[in-house]
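Residue numbers count from 1 along this sequence.
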Amino acid sequence: NAMAAVPAPVHVITTDGAAGKGGVTATAFTAITDEPPTVLVCLNRNSYAAGLVKANGTLAVNTLPDGMHETAGRFAGVGKLAMPYRFMPEEDWQQSPHGAPILPNALAIFDCRIQEVQEMGTHFLFFCTVETSMSRAPSHEGMIYHQRGYKFTSVPRAGASTP
C-alpha cells in the first residue's frame, strides 16, 4: 500500500532481436549516472517480455504521454493480447537505431544496450547504457501511475478537456 502512494511515470519497455519482439508496461526506471549515460530498468522475471529483453541485450524506454492509457493497459497485459497484437499499427511504431520498437509520440525515448543484469527477488535489474535519447516538446503532459491507476502529471490547463 505504501508503494501505491508513490506516483511514478509510466513507460513501455520494448525490445526486438533474435529472441523476438516484446514489450511491457513498467514504472521502475531511473537514471543512474550521466557519464556514461546509464539507466536502471526493473522488470518482473515472470513476464514474457523480461525474458526477451534479457536475451536480446537491448531495450528502449518509451515514456508515455497522457492519453495513452490504452497502450499502457495493453502492455500491462489487460485483455491478455498476444505480444504481436500489443504493437497496434495506429500508434505508428518505429524502430530505434538498435532495433527496439519506439513510439514517435513518446515524451522521451531511451535506446539502450544492457551492460549488466542482476536478479533481486522477483525482478531482473537491467543496468543499461543509453546509446540514443530523444524527447518531445514539454507542452505535452505525462502519465503517471498512482494509487493503482493512471493519472495526469499536472492539473489540466484552463479549457483543456480530460477523459
Side-chain angles (χ1 to χ4, degrees), residues 1-17 19-32 39-96 98-112 114 117-128 130 133-136 140-154 156 162-163:
N1 287 335
M3 288 305 295
V6 178
V10 180
H11 315 278
V12 172
I13 311 301
T14 58
T15 190
D16 198 359
K21 180 178 179 178
V24 64
T25 300
T27 57
F29 163 77
T30 191
I32 297 175
V39 297
L40 172 66
V41 176
C42 303
L43 299 177
N44 189 304
R45 288 186 301 163
N46 293 324
S47 79
Y48 177 73
L52 294 177
V53 167
K54 184 177 180 188
N56 286 335
T58 61
L59 62 83
V61 178
N62 296 272
T63 303
L64 298 183
D66 191 49
M68 296 200 73
H69 301 77
E70 183 180 319
T71 302
R74 273 199 324 273
F75 282 93
V78 173
K80 306 291 185 201
L81 288 173
M83 195 57 69
Y85 299 105
R86 295 182 187 186
F87 292 92
M88 302 297 280
E90 66 267 12
E91 290 169 341
D92 193 29
W93 288 91
Q94 297 177 0
Q95 192 173 31
S96 76
H98 292 95
I102 58 173
L103 279 168
N105 60 341
L107 289 179
I109 300 167
F110 302 88
D111 187 26
C112 304
I114 299 169
V117 181
Q118 293 184 14
E119 292 185 26
M120 177 64 65
T122 58
H123 282 62
F124 286 128
L125 283 64
F126 296 100
F127 294 87
C128 309
V130 177
S133 63
M134 300 159 258
S135 64
R136 290 181 65 183
H140 293 84
E141 302 293 337
M143 184 174 24
I144 61 170
Y145 192 74
H146 182 237
Q147 297 294 357
R148 297 179 176 86
Y150 300 118
K151 313 286 183 187
F152 295 103
T153 56
S154 63
T162 58

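Nearest heavy atom pair, residue A26 against residue C42, reads CB-O, 4.5 Å. Contact between F110 and S133 at its shortest, heavy atoms only, is CD2-CB, 3.9 Å. In plain terms, the two heavy atoms of D92 and P104 that are nearest each other are O-CD, 3.2 Å. Contact record, C112 with V130: SG-CG2, 4.0 Å, taken as the closest heavy-atom pair. Pairing each heavy atom of D16 with each of P101, the nearest pair is CB-CD, 4.0 Å.
With contacts defined as side-chain heavy-atom distances shorter than 4.5 Å, the pair L125/L40 qualifies. Contact of the F124 side chain with the Q118 side chain is not registered, since no non-hydrogen atoms from C-beta on lie closer than 4.5 Å. With contacts defined as side-chain heavy-atom distances shorter than 4.5 Å, the pair H11/V41 does not qualify. You'll find the side chain of L59 reaches within 4.5 Å of the side chain of C128, heavy atoms only. At a threshold of 4.5 Å between non-hydrogen side-chain atoms, the residues D111 and I102 do not count as touching. Side-chain contact check for E119 versus T122: every heavy-atom pair is 4.5 Å or farther apart. Using a 4.5 Å heavy-atom cutoff, the side chains of R86 and V12 are not in contact. Side chains of L103 and M68 form a contact here, defined as non-hydrogen atoms less than 4.5 Å apart.
Looking at T15, its side chain does come within 3.5 Å of a backbone N or O of T58 through a donor-acceptor pair.
Looking at residues two or more places apart in sequence or on another chain, you find a side chain to side chain contact (heavy atoms under 4.5 Å, CB included) between E70 and R74. Applying the side chain to side chain contact (heavy atoms under 4.5 Å, CB included) criterion to V78, with sequence neighbours excluded, gives no partner residue.
Annotation: the span from K21 atom NZ to N56 atom CG amounts to 12.0 Å, rounded to 0.5 Å. From Q95, atom CD reaches atom OG1 of T14 across 10.0 Å, with rounding to the nearest 0.5 Å. Of the inter-residue distances, the one linking T71 atom OG1 with N105 atom CG reads 8.0 Å to the nearest 0.5 angstrom. The structure places CG of N44 at 4.5 Å from NE2 of H123, a figure rounded to the nearest 0.5 Å. To the nearest 0.5 Å, atoms CG (N62) and CE (M134) are separated by 8.5 Å. Here the CD1-CZ distance, from I13 to F75, works out to 11.0 Å after rounding to the nearest 0.5 Å.
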For V24 and Y48, what are the C-alpha separation, side-chain angles and deciding distance, and is it a side chain to side chain contact (heavy atoms under 4.5 Å, CB included)? CA-CA 9 Å; V24 64; Y48 177 73; over 6 Å; no
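Taking the six-membered ring where tryptophan is involved, the planes of W93 and F87 are perpendicular, since the angle between them exceeds 60° and thus also 30°.
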